[in-house]
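Working notes for the structure below.
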Number of protein chains: 2
Amino acid sequence: MTDKETSSLPSRHEERLGLLLWFRLSRFYNQSLRRSNAHLKEWGVTITQFDVLVQIGTHEPLTQNELAEKLFVTKGNMTQVLGRMEELGWVHRDQEWRKKVLTLTGSGWELFNLIVTRQEQFQASQFQGLNKEEQKQLLDLLRKLQQYNEHMEG
Amino acid sequence: MTDKETSSLPSRHEERLGLLLWFRLSRFYNQSLRRSNAHLKEWGVTITQFDVLVQIGTHEPLTQNELAEKLFVTKGNMTQVLGRMEELGWVHRDQEWRKKVLTLTGSGWELFNLIVTRQEQFQASQFQGLNKEEQKQLLDLLRKLQQYNEHMEG
DNA sequence: CCTTATCAGTTTATATCTAAACTGATAAAA
DNA sequence: TTTTATCAGTTTAGATATAAACTGATAAGG
């Protein structure tokens, strides 16, 4: 009985497990989302905007499509979120050929430097229920899931 | 060096880990959400409605507030989702004192019986990247997080 | 050169979710 | 009894997300 075998054809029990995992995951995620937004409210930023800020700040210059891929969301969603962030003066969109290249503005970088460390600390506190070893385990499991799913999509 | 000690004061490295965990989690969650909705579309049901259907079907009778607590969402959200589901004829809301008691209608139960097993199978397939042992591990870690967070909220 | 395909981003309609203010009914306290 | 508090649910405005149809520009093929 290899690992491959146990994971190739899900048993009735594993099916239940899948549903349980989904419920747990979605509850924890929603809770975490709510808390993160409450935490970031002090700086007038949402968790979505924070995620975008980090991605652009870390990888700029990048296009809207690349950003959407990194965040696993649709490009339509990015159009909306970036529209708001441009309005707020954090992000600059520069048309190049048929792409739009994203960079942070001065005030975007200011915000980045102001909140990234704080949000890192906050996010760490959300996972305090696990010790370092368990946190690594969780990251590992999520990585495996991601890899498998990417493989599935082709 | 006890577990308690390792988890009481997050190191710089653990802070980064927190952010990484958040990113992984939110990406996997969003992807999973999208796929589930695509899968359920065949029956004209969304994943939110499915979650509500399962909770009522499993725990009826229960009130809107109890439902919101089980799903970790706000009661305002439930008002909206249940309004739609009542309109679709799946759920019955019965005012009792100041509470509204929820039960599934006949067609709600029909839907329940039609899709729960199918969605269980689908959900299981989303976690195929992990073998049974790893799936249990993941469930365990999520449980721990939940417990710690509930403890935090008082 | 002209036509067709593809690609990046936008738009629209719809669903989900929140926070915060509100309604109305019951319960508790005066 | 009258007032006040609490509780369950609703409403509203706003953010986030999707799918699907669309626009307009570039690239490829005839």
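Source: prediction; values computed, not measured. As a basis for the values below, the full set of heavy atoms in this structure was taken, side chains included, without hydrogen atoms, waters or symmetry mates. Every chain is numbered from 1 and lettered A, B, ... according to where its sequence line falls, protein lines coming before strand lines.
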### Query
OP1 or OP2 of C/dT10 sitting under 4.0 Å from any side-chain N/O of A/Arg93?
yes
### Query
Quick one: B/Phe72 CZ to C/dT18 C1', roughly how many Å, whole number?
16 Å
### Task
Starting from C1' on D/dT16, measure out to CG on A/Leu82 and report it in whole angstrom.
13 Å
### Query
Quick one: B/Gln49 CD to D/dT18 P, roughly how many Å, whole number?
18 Å
### Task
Return yes if a side-chain donor-acceptor contact under 3.5 Å exists between A/Glu66 and A/Gln55, otherwise no.
no
### Message
Please tell me whether B/Glu86 and B/His92 have a donor and an acceptor in their side chains that are separated by less than 3.5 angstrom.
### Response
no
### Message
Rounded to whole Å, how long is the line connecting atom CG of A/Asn37 with atom C1' of D/dA17?
### Response
14 Å
### Query
Looking at the side chain of B/Val81, which of D/dT18, C/dT16, D/dT10 is the nearest nucleotide?
C/dT16
### Message
Is there, by distance only and without an angle test, a donor paired with an acceptor across the side chain of A/Arg84 and the base of D/dT16 below 3.5 Å?
### Response
no
### Query
Hey, does the side chain of B/Gln64 come within less than 4.0 Å of D/dT10's phosphate (OP1/OP2), counting only N and O?
yes
#### Entry: Interatomic distance, B/Leu88 CG vs C/dT14 P [rounded to whole Å]
14 Å
### Message
Whether A/Lys41 contacts D/dG14 is assessed here as follows: a side-chain N or O lying under 4.0 Å from the phosphate OP1 or OP2. Is that the case?
### Response
no
### Task
Figure out the CG/P separation between B/Leu33 and C/dT16, and round it to whole Å.
10 Å
### Query
Of all the nucleotides listed (C/dT16, D/dT16, D/dT6), which has the minimum atom distance to the side chain of A/Gln80?
D/dT16
### Query
Using a cut-off of less than 4.0 Å, is there contact between a side-chain N or O of B/Arg34 and OP1 or OP2 of D/dT18?
yes
### Query
Does B/Thr48 or A/Gln95 map to a spot on DNA chain C nearer the 5' end, using the closest nucleotide for each?
A/Gln95
### Query
How is B/Tyr29 classified with respect to the nucleic acid when contacts are heavy atoms under 4.0 Å: base, sugar-phosphate, or nothing?
nothing
### Task
For A/Gly83, answer base if it contacts any base atom (sugar-phosphate contacts may also be present), sugar-phosphate if it contacts only those atoms, and nothing otherwise; contact means non-hydrogen atoms under 4.0 Å.
nothing
### Task
With heavy atoms under 4.0 Å as the rule, sort B/Lys99 into base, sugar-phosphate or nothing.
sugar-phosphate
### Task
Check if the side chain of A/Lys100 and the base of C/dG9 share a donor-acceptor pair of N or O atoms closer than 3.5 Å.
no
### Query
For D/dA8, does either OP1 or OP2 sit under 4.0 Å from a side-chain N or O belonging to B/Asn65?
yes
### Message
Of the options D/dA17, C/dT10, D/dT26, whose atoms approach the side-chain atoms of A/Trp97 most closely?
### Response
D/dT26
### Query
Any salt bridge between A/Glu87 and A/Arg84, counting N to O under 4.0 Å?
yes
### Message
At less than 3.5 Å, do the side-chain atoms of B/Arg98 and the base atoms of C/dT23 form a donor-acceptor pair?
### Response
no
### Query
How is B/Thr46 classified with respect to the nucleic acid when contacts are heavy atoms under 4.0 Å: base, sugar-phosphate, or nothing?
sugar-phosphate
### Task
Answer yes if the ring centres of B/Phe50 and A/Trp22 are under 6.0 angstrom apart, and no otherwise.
no
#### Entry: Separation of atom CD in B/Glu96 from atom P in C/dA25, rounded to whole Å
17 Å
#### Entry: Near-ring test B/Phe28/B/Phe127, centroid separation under 6.0 angstrom
yes
#### Entry: Spacing between B/Glu69 atom CD and D/dC7 atom P, to the nearest angstrom
12 Å
### Message
Is the phosphate of D/dT16 approached by A/Asn77 (side-chain N or O, under 4.0 Å from OP1 or OP2)?
### Response
no
### Heavy-atom pair with the smallest gap, counting every atom of B/Val45 and B/Leu40
O-CB, 3.2 Å
